[in-house]
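Here the structure is laid out as structure tokens; the discussion comes afterwards.
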Amino acid sequence: MAMIPSFFGNRRSSSIFDPFSLDVWDPFKDFSFPSSLAAGQTSDTSAFVNTRMDWKETPEAHVFKADLPGLKKEEVKVEIEDDRVLQISGERNVEKEDTNDTWHRVERSSGKFMRRFRLPENVKMDQVKASMENGVLTVTVPKMEVKKPDVKAIEISG
């Protein structure tokens with residue numbers, strides 16, 4: 001019985017030569033760390049820093065949505081740069097203080113995010129609207145109306 005395969009994780013593939021068949025080895029996975037508020041704050045901050053955004057194009061507008069739970073609208077910036085770049089950014093700073101008769105603990109965490117999108121030329125940059133409700137930021141960038149070419153019927157002679 002070899003110790004090395006169990007040390008590096010279980011194999012997912014039948015080939016021992018497949019470099020993608022090993023799980024990622026976590027040297028701390030078997031250690032038990034005391035649970036604390038910092039662990040929860042770290043995962044919240046990590047989720048915030050890795051904020052994902054959706055960009056959906058409709059016939060009338062480009063709609064951007066970001067899930068930012070626990071963030072206030074005052075902590076988010078929506079800006080237009082160079083007349084074509086939409087920039088969405090935010091910052092969260094959390095401080096939790098616990099005091100006991102024998103100790104005092106302060107835990108701090110922070111995170112920032114910034115996403116930039118170069119918009120197409122068919123948008124109305126002066127009519128961009130942003131709203132935030134229940135931790136979801138929605139930015140709407142209206143499109144210009146596309147002029148349809150005039151079609152004129154021509155009589156065929158002959």
Side-chain angles (χ1 to χ4, degrees), residues 1-58 60-120 123-143:
M1 174 162 75
M3 292 297 286
I4 293 176
S6 64
F7 183 69
F8 285 103
N10 298 328
R11 297 197 182 274
R12 293 186 179 184
S13 166
S14 59
S15 170
I16 61 170
F17 299 107
D18 181 3
F20 301 107
S21 67
L22 294 176
D23 290 337
V24 175
W25 176 57
D26 180 6
F28 301 108
K29 112 180 146 174
D30 294 327
F31 288 95
S32 60
F33 294 103
S35 62
S36 69
L37 297 173
Q41 289 177 353
T42 302
S43 64
D44 284 348
T45 302
S46 175
F48 173 72
V49 171
N50 295 318
T51 297
R52 303 227 187 263
M53 301 209 39
D54 295 329
W55 179 354
K56 178 181 177 183
E57 183 175 1
T58 67
E60 298 83 28
H62 295 273
V63 180
F64 299 85
K65 287 196 177 198
D67 190 20
L68 304 170
L71 204 63
K72 299 173 193 143
K73 68 180 184 178
E74 294 82 24
E75 298 171 316
V76 177
K77 284 184 189 176
V78 178
E79 301 171 306
I80 305 293
E81 290 183 349
D82 301 327
D83 293 332
R84 285 279 166 244
V85 178
L86 174 67
Q87 178 174 304
I88 301 171
S89 60
E91 182 175 2
R92 172 185 290 162
N93 292 308
V94 178
E95 184 173 302
K96 178 69 175 167
E97 185 173 344
D98 287 335
T99 305
N100 196 334
D101 292 337
T102 58
W103 53 268
H104 180 145
R105 176 178 69 186
V106 178
E107 297 179 3
R108 295 176 188 91
S109 66
S110 65
K112 293 181 181 183
F113 83 97
M114 180 177 59
R115 301 290 184 270
R116 299 175 80 188
F117 303 93
R118 179 164 303 280
L119 296 171
V123 296
K124 298 177 183 177
M125 297 302 287
D126 57 335
Q127 295 180 14
V128 175
K129 292 184 181 171
S131 65
M132 191 155 171
E133 187 175 333
N134 297 328
V136 177
L137 173 70
T138 304
V139 179
T140 305
V141 184
K143 290 181 175 180

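FYI, side chains are in, hydrogens and waters are out, and symmetry mates aren't considered; it's all heavy atoms of this structure. Values in this document were obtained by computation on a predicted structure and should not be read as measured data.
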For side-chain contact (heavy atoms from CB on, under 4.5 Å), just list the numbers for Lys96 and Arg105, CA-CA rounded to whole Å, side-chain angles, deciding distance to a tenth of an Å, and then say yes or no.
-> CA-CA 8 Å; Lys96 178 69 175 167; Arg105 176 178 69 186; over 6 Å; no
For Leu137 and Val78, what are the C-alpha separation, side-chain angles and deciding distance, and is it a side-chain contact (heavy atoms from CB on, under 4.5 Å)?
-> CA-CA 10 Å; Leu137 173 70; Val78 178; 4.3 Å; yes
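Across all non-hydrogen atoms, the minimal contact from Met125 to Asp83 is CG-O, 3.4 Å. Residues Ala61 and Pro142 share a closest heavy-atom pair of CB-CA, 3.7 Å. The two atoms that bring Arg118 and Val85 nearest to each other are NH1-CG2, 3.8 Å, heavy atoms only.
Taking NE2 of His104 as the start and CD of Glu97 as the end, the distance is 3.5 Å to the nearest 0.5 Å. Separating the CD atom in Glu75 from the CG atom in Leu68 is a distance of 10.0 Å, to the nearest 0.5 Å. Separating the CD1 atom in Ile88 from the CZ atom in Phe113 is a distance of 7.0 Å, to the nearest 0.5 Å. In this structure, CZ in Arg116 is found 9.5 Å from CD in Glu79, a value given to the nearest 0.5 Å. With rounding to the nearest 0.5 Å, the separation of NE2 in His62 from NZ in Lys56 is 13.0 Å. The CD atom of Gln87 sits 11.5 Å away from the CZ atom of Arg115 when rounded to the nearest 0.5 Å.
The neighbour count for Lys73 NZ, taken as heavy atoms of other residues, nucleotides or ligands under 6.0 Å away, does not exceed 12. Around CD of Glu133, the count of heavy atoms belonging to other residues, nucleotides or ligands within 6.0 Å does not exceed 12. Taking a 6.0 Å sphere around CG of Asp126, one finds it holds more than 12 heavy atoms contributed by other residues, nucleotides or ligands. Surrounding CG of Asn100 are more than 12 heavy atoms belonging to other residues, nucleotides or ligands, all under 6.0 Å away.
Under the 30°/60° scheme for interplanar angles, the aromatic rings of Phe117 and Phe64 are found to be tilted.
Inter-residue side-chain proximity for Val128 and Thr140 is flagged as unmet; no heavy-atom pair is nearer than 4.5 Å. Between Val123 and Arg84 the shortest side-chain heavy-atom distance falls below 4.5 Å.
Under the side-chain contact (heavy atoms from CB on, under 4.5 Å) rule, Val63 has a single partner from Val141, Val139, Thr138, which is Thr138.
Checked for salt-bridge contact, Asp54 and Lys65 miss the test: no charged N lies under 4.0 Å from a carboxylate O.
Side-chain atoms of Lys143 come within 3.5 Å of backbone N or O of Thr58 as a donor-acceptor pair.
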